[in-house]
There are 2 protein chains.
Amino acid sequence: MNERSNPQREGSSAEASANAIVFIVEDDVSMRRSLTNLFQSVGLDVVAFGSAREMLQSKLPDVVSCLVLDVRLPGLSGLEFQTELAKSNIHIPIIFITGHGDIPMSVRAMKGGAVDFLTKPFRDQELLDAVIAATERDRKRREADQTVANLKSLFETLSPREQAVMKLVATGLMNKQIAAELGLAEITVKIYRGHVMKKMRARSLADLIRMTETLGIRSNRPEQT
Amino acid sequence: MNERSNPQREGSSAEASANAIVFIVEDDVSMRRSLTNLFQSVGLDVVAFGSAREMLQSKLPDVVSCLVLDVRLPGLSGLEFQTELAKSNIHIPIIFITGHGDIPMSVRAMKGGAVDFLTKPFRDQELLDAVIAATERDRKRREADQTVANLKSLFETLSPREQAVMKLVATGLMNKQIAAELGLAEITVKIYRGHVMKKMRARSLADLIRMTETLGIRSNRPEQT
DNA sequence: AGAACAACTATACCTACGTTTGTAATGCGC
DNA sequence: GCGCATTACAAACGTAGGTATAGTTGTTCT
């Protein structure tokens with residue numbers, strides 16, 4: 001029951017989101033088809049499902065995307081699905097649509113991080129605006145995640161001792177203090193520190209410190225900030 | 001039309017929010033009174049108003065607080081008030097309550113950063129939970145703001161030249177590069193750099209770098225991170 | 001005019017950082 | 001057993017960072 005778009009795109013206001021995929025989970029066939037057409041008409045790729053289960057079973061491609069989700073669904077409800085996705089660490093931005101919603105539902109959805117919550121009938125442009133906002137959010141999140149992942153993989157190329165030295169460097173200790181802390185000679189710390197700089201591709205200490213910040217690396221801080 | 005509580009507090013589940021003020025903007029007198037009683041009964045201080053204008057005209061004390069706001073109000077509506085507060089850079093967390101709300105209202109409120117959006121009738125505990133969440137959010141925001149403000153005031157004790165040196169140190173340049181950049185002798189940079197460390201109360205370079213991060217100080221970065 | 005302060009530099013000296021070269025023990029996988 | 005990564009240290013050397021002392025110039029306040 002998937003309607004995969006042909007990967008054509010026709011520009012228009014969705015240009016910034018070109019290559020983005022819009023997932024649709026909507027049990028009503030005619031609604032699903034009209035949503036699909038709407039998104040394809042502005043050059044977005046579409047993958048549509050009839051239920052939450054179907055989407056969970058399919059393998060989600062790792063590209064910028066968002067999810068247009070009906071609240072009322074057979075099986076798992078839209079709100080339950082949102083919770084499930086969060087539990088599974090799937091952070092796709094969600095736009096809810098519904099014909100029979102109420103305020104507590106919309107509040108729960110928004111508290112859960114939804115981008116928008118639209119009630120039928122809505123104007124096409126409203127939904128498109130929400131989708132553009134959602135894909136933009138996803139793009140930014142992916143960018144940030146990528147940065148952290150890159151740093152993390154660099155960090156993991158460090159030997160345990162090198163990682164330990166990096167942590168203590170990040171807290172602002174001098175080489176001799178690090179040596180004392182780890183029961184090493186100062187010269188050894190210097191050498192490991194050099195390895196850290198090379199392997200982390202840090203051009204300066206300032207650079208390295210910022211890396212530890214984005215990695216969330218800090219030991220017992222003898223600093224205040 | 002203000003009902004100020006006596007500063008008694010009776011513990012209970014609101015203990016973590018002791019000393020917090022709950023602002024109420026609600027035109028219905030009996031509702032306002034019952035809300036006031038509810039919050040006072042758990043030891044919260046209360047300041048109540050009958051309209052948005054009244055609250056805007058009063059001087060808001062600089063303490064942890066939140067706002068319980070009726071959506072339907074004479075004059076400025078609750079949602080408009082939320083927008084106004086944001087424009088005025090007043091970041092008090094808002095809990096909306098309403099008897100005649102709809103989904104678009106609640107979505108707009110939540111998009112605007114509201115903590116919750118409750119429909120009458122609601123259980124007392126629901127509102128209290130929301131108030132506790134809201135004051136906690138305010139406490140954290142204030143804490144973060146305070147940190148930045150402290151650093152900013154330290155930074156402003158630096159002479160223009162010292163500030164410039166600090167910026168370039170933060171980007172990871174060596175003293176001689178900084179000197180070239182600013183048209184100074186290296187020795188001068190060293191001395192200003194020493195001043196920077198003392199005046200900013202930084203115990204190490206790592207410490208100083210982190211300060212520049214929370215201050216958002218960076219020049220043209222010849223670094224990547 | 002004189003005091004006070006900022007910006008700026010020089011000489012001298014010391015400490016901290018970093019790299020190179022070389023040595024050596026340990027443990028792991030094939 | 002052989003190769004390899006890891007851990008560890010030493011000697012030697014060069015660079016970078018940091019401070020103290022002392023002095024110049026210019027502005028501003030009184």
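Here is the naming used below: chain letters follow the sequence lines, and residue numbers restart at 1 for every chain.
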Hey, does the side chain of [X] reach the backbone of [Y] with a donor-acceptor pair shorter than 3.5 angstrom?
{"X": "A:E213", "Y": "B:R210", "value": "no"}
{"X": "B:T36", "Y": "B:R32", "value": "yes"}
{"X": "A:D138", "Y": "A:A134", "value": "no"}
{"X": "B:Q40", "Y": "B:V46", "value": "no"}

*Write down the atom of B:L69, the atom of B:G78, and the distance for their closest heavy-atom approach.*
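Smallest interatomic distance, heavy atoms only, reads CD2-O, 3.4 Å.
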_Quick check on the helix from C:dA1-D:dT30 to C:dC30-D:dG1: what's the angle between its two end axes, five base pairs per end, to the nearest 10°?_
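Axis angle across the helix from C:dA1-D:dT30 to C:dC30-D:dG1, nearest 10°: 40°.
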_Ionic contact status for B:K111 with A:D116, cut-off 4.0 Å_ =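 Looking at A:D116 and B:K111, the cut-off is met.
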Less than 3.5 Å apart, which donor and acceptor atoms pair up between the side chains of residues 84-93 of chain A and the rest of the protein, not counting sequence neighbours?
from  : atom 1 : to    : atom 2 : distance (Å)
A:S88 : OG     : A:E84 : O      : 2.9
A:N89 : OD1    : A:H91 : NE2    : 3.0

*Between B:L208 (CG) and D:dG17 (P), how many Å, whole number?*
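The answer, rounded to whole Å, is 13 Å.
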*asked:* Can you build the contact string for nucleotides 4-19 of chain C? Use B for base contact, S for sugar-phosphate-only contact, and - for no protein heavy atom under 4.0 Å.
replied: --SSBBBB----SBBB
*Side-chain contact test, heavy atoms from C-beta onward, threshold under 4.5 Å: evaluate it for A:L118 versus A:L127 and give yes or no.*
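In contact.
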